[in-house]
Amino acid sequence: MKKTSQLKQLIHSRNLEFLMEAHNGLSAKIVEEAGFKGIWASGLSISAAMGVRDNNEASWTQVLEVLEFMSDAASIPILLDGDTGFGNFNNSRRLVKKLEQRQIAGVCIEDKLFPKTNSFLNSKIQPLADINEFCGKIKAMKDTQTDEDFIVVARVEAFIAGLGLKEALRRADAYRQAGADAILIHSKRTDIAEIESFVKEWEQRLPVVIVPTKYYSTPTSRFQKLGINLVIWANHNLRASIDAMKKISEQIFREKSLVRAEKKVATLEEVFRLQRVDELLEAERKYLPST
Ligand code: SPV
Ligand code: MG
């Protein structure tokens with residue numbers, strides 16, 4: 001099945017489904033091997049892995065290059081965190097064209113202004129996009145896709161900007177009418193109150209996607225009961241890798257030796273396996289002249 005159709009199926013599944021964050025080819029492969037059916041190409045994680053901030057400091061073509069490696073490394077679908085679409089409707093529709101060429105299954109755009117700021121920062125400076133302008137962007141993206149299963153998720157940042165339920169619903173419904181395939185409703189509260197109030201009023205007009213980074217202590221069964229369709233575990237591979245890299249760097253620096261570090265890291269054989277070195281060895285036997 002096409003990656004786009006796989007993602008579409010996930011979003012419309014009767015069961016609660018999950019996307020796991022990845023930020024490069026290696027983490028994309030690890031997510032797939034763990035059993036996940038889809039990948040969240042997180043803007044926060046991709047930018048952090050590049051050593052820059054989640055403020056569109058990395059250009060969209062630099063993000064595209066990372067995605068190309070991710071798409072090659074994994075056979076499960078990728079939903080790109082497309083931030084604000086990297087400009088106006090024209091930039092956003094060009095993004096769709098380039099994503100389709102790389103077999104990226106869908107993109108999520110958020111109703112903020114370029115350059116964006118991560119939703120968990122600067123709570124007082126999260127200006128939202130004009131609704132009509134954002135709807136034009138969604139329409140342009142949907143009109144551009146050539147694969148009918150390509151997914152455009154519209155992310156509502158009303159709660160993040162400190163606006164209430166009414167504004168969140170007004171925006172979500174406008175984005176639905178503009179042609180969005182699903183609504184990502186975001187919240188930075190540590191409880192599920194905002195999400196719950198939205199979902200109850202929304203009544204499944206379109207599938208709902210959530211990112212419970214801040215309300216992580218909410219049991220997953222609660223999401224299921226509320227009828228949420230898709231949960232994104234948004235940044236945990238990046239955060240796990242930061243911890244692991246810090247620990248091993250500090251240990252090796254301290255001990256000036258690899259003796260105790262060796263058993264704490266993946267084997268070289270595991271690195272080669274993840275890189276599919278076997279395939280190359282076989283190809284060499286086939287294509288290189290035998291000596
Ligand atoms: C990301 O992973 O980059 C997201 C989700 O957009 S969040 O950081 O929670 O806003
Ligand atoms: Mg993001």
Side-chain angles (χ1 to χ4, degrees), residues 18-24 27-28 31 36 38-60 62-64 66-67 70 77-87 91-92 95 99 104-129 134 137 151-163 168 171 175 180 182-192 194-195 198 208-218 223 228 230-242:
F18 304 91
L19 299 184
M20 178 71 184
E21 169 262 316
H23 50 273
N24 55 24
S27 52
V31 167
F36 282 98
I39 293 170
W40 170 245
S42 156
L44 172 65
S45 299
I46 291 173
S47 58
M50 287 174 167
V52 297
R53 287 165 288 216
D54 189 15
N55 293 69
N56 297 125
E57 289 184 343
S59 73
W60 74 279
Q62 288 173 322
V63 172
L64 213 55
V66 174
L67 280 172
M70 291 171 67
I78 298 173
L79 176 65
L80 168 66
D81 173 4
D83 292 341
T84 59
F86 304 100
N91 305 93
S92 307
L95 174 67
L99 292 177
I104 304 301
V107 59
C108 174
I109 54 160
E110 62 198 57
D111 57 355
K112 291 204 304 231
L113 303 182
F114 178 90
K116 58 74 57 81
T117 300
N118 186 272
S119 303
F120 302 138
L121 286 171
N122 299 340
S123 55
K124 291 197 181 71
I125 324 167
Q126 294 278 355
L128 296 191
F134 196 71
K137 222 179 235 187
I151 295 290
V152 174
V153 178
R155 168 165 158 180
V156 176
E157 292 276 291
F159 290 138
I160 298 296
L163 305 173
R171 284 176 173 268
Y175 306 158
I183 297 295
L184 191 161
I185 182 73
H186 207 14
S187 172
K188 60 180 181 331
R189 282 180 66 107
T190 54
D191 60 47
I192 199 183
E194 285 176 337
I195 300 293
F198 177 87
V208 172
V209 183
I210 60 166
V211 182
T213 301
K214 289 282 180 178
Y215 47 99
Y216 64 86
S217 57
T218 307
F223 304 147
I228 284 157
L230 189 66
V231 173
I232 296 176
W233 311 122
N235 45 47
H236 298 76
N237 273 320
L238 177 89
R239 288 162 65 191
S241 69
I242 289 173

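Note that the structure is predicted; figures quoted are calculated from it, not measured. Each ligand, and each atom within it, is numbered from 1 in the order the structure gives.
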In terms of residue, atom name and distance, what is the protein heavy atom nearest to atom 2 (O) of ligand 1? Ser42 OG, 2.7 Å
Any nitrogen or oxygen of Phe120, main chain or side chain, under 3.5 Å from a nitrogen or oxygen of ligand 1? no
Which atoms of ligand 1 are found less than 4.0 Å from any heavy atom of Ser119? 10 (O)
Any idea which protein heavy atom is nearest atom 1 (C) of ligand 1, and the distance to it? Asp81 OD2, 3.2 Å
For His236 and Glu21, which heavy atoms make the closest approach, and how far apart are they? N-OE1, 3.2 Å
Which ligand 1 atoms, with their elements, are less than 4.0 angstrom from a heavy-atom of Ala234? 2 (O)
Taking distance alone, with N or O pairs closer than 3.5 Å, would you say Glu110 contacts ligand 1? no
At a 4.0 Å cut-off, with the gap strictly under it, does some heavy atom of Lys214 reach an atom of ligand 1? no
Given the options Ile185, Asp111, Asp81, Val209, Arg155 meets side chain to side chain contact (heavy atoms under 4.5 Å, CB included) only with Asp81
Atoms of ligand 1, numbered as shown, that sit under 4.0 Å from any heavy atom of His186: 7 (S), 9 (O), 10 (O)
For the Mg ion (ligand 2): protein N/O/S atoms at distances below 2.8 Å: 1
Which ligand 1 atoms does Val211 reach within 4.0 Å, using its non-hydrogen atoms? 9 (O)
Give me the nearest non-hydrogen protein atom to atom 10 (O) of ligand 1 as residue plus atom name, then the distance to 0.1 Å. Arg155 NH2, 2.9 Å
Evaluate side-chain contact (heavy atoms from CB on, under 4.5 Å) for His23 paired with Val66, printing each intermediate quantity in order. CA-CA 8 Å; His23 50 273; Val66 174; 5.9 Å; no
Could you check, using the six-membered ring where one of them is a Trp, whether Phe120 and His186 have ring centers closer than 6.0 angstrom? yes
Is Asn235 close to ligand 1, meaning an N/O of one under 3.5 Å from an N/O of the other? no
Heavy-atom check, side chain of Leu80 versus side chain of Val63, under 4.5 Å: yes
Examine the side chains of Ser119 and Lys112 and answer whether a donor and an acceptor come within less than 3.5 Å of each other. yes
Check Phe159 against Ala168 and note the closest heavy-atom contact, atom names and distance. CZ-CB, 4.0 Å
Hey, what do you get for CE (Met70) to CD1 (Ile78), rounding to the nearest 0.5 Å? 4.5 Å
At under 4.0 Å between heavy atoms, what of Asn118 touches ligand 1? The answer is side chain
Return yes if a side-chain donor-acceptor contact under 3.5 Å exists between Ser47 and Glu57, otherwise no. no
Polar atom proximity, Lys116 to ligand 1 (N or O, under 3.5 Å): no
Option among Val231, Ile232, Thr218 that satisfies the side chain to side chain contact (heavy atoms under 4.5 Å, CB included) test with Pro212: Val231
Can you label the angle between the Tyr215 ring and the Phe223 ring as parallel, tilted or perpendicular, going by 30° and 60°? perpendicular
So Phe36 and Phe18, do their side chains get closer than 4.5 Å, heavy atoms only? yes
